[in-house]
Amino acid sequence: RKEVEQDPGPFNVPEGATVAFNCTYSNSASQSFFWYRQDCRKEPKLLMSVYSSGNEDGRFTAQLNRASQYISLLIRDSKLSDSATYLCVVNIVGGSYIPTFGRGTSLIVHP
Amino acid sequence: EAQVTQNPRYLITVTGKKLTVTCSQNMNHEYMSWYRQDPGLGLRQIYYSMNVEVTDKGDVPEGYKVSRKEKRNFPLILESPSPNQTSLYFCASSPYQGGSNEQFFGPGTRLTVL
């Protein structure tokens with residue numbers, strides 16, 4: 001299985017900033033994509049799925065570029081509470097189902 | 001409340017002493033899996049199960065066993081734990097075999113093997 005790669009960061013940004021993360025994947029058979037959020041060694045929780053047409057949820061926008069094999073997450077108007085690690089997940093769906101996690105990107109939002 | 005539970009949450013043990021970490025979900029999910037998370041390595045899948053009595057190896061299955069006798073439970077067994085199995089373990093479940101769906105994670109089990 002091929003890897004999913006993320007810049008580990010940390011991204012250190014002031015409140016109100018806009019920050020973007022990218023995640024590249026190398027297996028072109030990848031079929032579904034997600035961003036999860038993980039707070040300080042707690043369990044990961046789904047932030048949003050990533051659809052081919054791109055999708056937005058409040059301050060968060062996710063996009064997929066199949067040609068270049070990457071997904072992105074844009075956070076606008078960063079809040080202190082956005083500080084966390086953001087995990088990119090890529091699923092290869094077929095005979096088996098093994099989601100592949102990126103190592104995560106750390107975001108620190110400071111006052 | 002829909003949830004995935006794991007027990008114990010914290011465990012310190014010694015090399016070679018068999019242990020079991022339980023995982024249970026109350027959402028009637030078909031798919032369940034175990035992950036370990038280590039600094040700098042991210043989440044790596046140990047084993048997964050597509051349904052009752054159906055299990056398969058993930059990326060790092062060595063030293064672990066699982067069973068899926070009931071839909072709701074998916075215990076992780078370490079027959080002879082070693083220090084390199086010291087890690088943070090997460091159980092997860094998902095509603096469909098197709099794999100295009102959200103995974104729900106348990107709170108994690110922090111294991112230390114001395």
Side-chain angles (χ1 to χ4, degrees), chain A residues 1-10 21 23-27 29-52 55 57 60 62 64 66 71 84-106, chain B residues 2-7 9-10 21 23 25 27 29-51 54-61 86-112:
Chain A
R1 227 159 12 107
K2 305 235 179 117
E3 290 185 0
V4 172
E5 297 196 19
Q6 295 182 249
D7 181 344
F21 309 136
C23 167
T24 60
Y25 62 95
S26 52
N27 192 322
S30 303
Q31 295 187 22
S32 60
F33 309 87
F34 304 88
W35 284 101
Y36 280 74
R37 171 192 169 128
Q38 186 175 26
D39 293 293
C40 197
R41 305 294 266 176
K42 293 193 174 179
E43 72 270 26
K45 294 184 179 178
L46 181 70
L47 178 65
M48 56 198 306
S49 303
V50 186
Y51 303 121
S52 296
N55 47 301
D57 183 3
F60 298 85
L64 167 63
R66 285 192 183 271
I71 66 172
T85 297
Y86 291 84
L87 305 173
C88 162
V89 183
V90 174
N91 290 347
I92 300 169
V93 180
S96 63
Y97 163 34
I98 302 182
T100 304
F101 283 76
R103 297 179 186 186
T105 297
S106 175
Chain B
Q3 59 183 349
V4 179
T5 57
Q6 295 179 226
N7 282 292
R9 294 289 312 281
Y10 303 89
V21 184
C23 173
Q25 50 94 4
M27 296 170 279
H29 286 171
E30 293 167 336
Y31 182 93
M32 296 185 74
S33 61
W34 276 103
Y35 296 88
R36 61 177 289 174
Q37 188 173 34
D38 303 288
L41 295 179
L43 276 159
R44 293 179 293 166
Q45 193 177 54
I46 302 170
Y47 269 94
Y48 65 97
S49 169
M50 304 274 270
N51 214 325
V54 180
T55 63
D56 210 343
K57 296 176 181 179
D59 287 327
V60 288
T86 293
S87 188
L88 177 59
Y89 291 86
F90 290 105
C91 179
S93 72
S94 183
Y96 303 112
Q97 292 185 20
S100 298
N101 298 91
E102 174 184 2
Q103 290 195 78
F104 295 82
F105 285 82
T109 295
R110 192 174 295 276
L111 172 66
T112 301

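By convention in this document, chain letters (A, B, ...) are assigned in the order of the sequence lines, proteins followed by strands, and residues within each chain are numbered from 1.
Neither the backbone nor the side chain of B:Phe104 comes within contact range of chain A, judged by heavy atoms closer than 4.5 Å. If you measure heavy-atom distances from B:Arg44 to chain A, you find no contacts under 4.5 Å at all. Residue A:Gln38 touches chain B through its side chain alone, counting heavy-atom pairs closer than 4.5 Å. Heavy-atom distances place the side chain of A:Tyr36, and not its backbone, under 4.5 Å from chain B.
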For a side chain to side chain contact (heavy atoms under 4.5 Å, CB included) check, start with the C-alpha distance between B:Gln103 and A:Phe101, then their side-chain angles and the critical distance, and finish with the verdict.
CA-CA 12 Å; B:Gln103 290 195 78; A:Phe101 283 76; 4.1 Å; yes

Candidate pair A:Cys23 and A:Trp35, rule side chain to side chain contact (heavy atoms under 4.5 Å, CB included), full reasoning:
CA-CA 10 Å; A:Cys23 167; A:Trp35 284 101; 3.8 Å; yes

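Nearest heavy-atom pair across B:Ser49 and B:Val54 is OG-O, 2.7 Å. Closest non-hydrogen pair, A:Leu87 versus A:Gly102, comes out as CD2-O, 3.9 Å.
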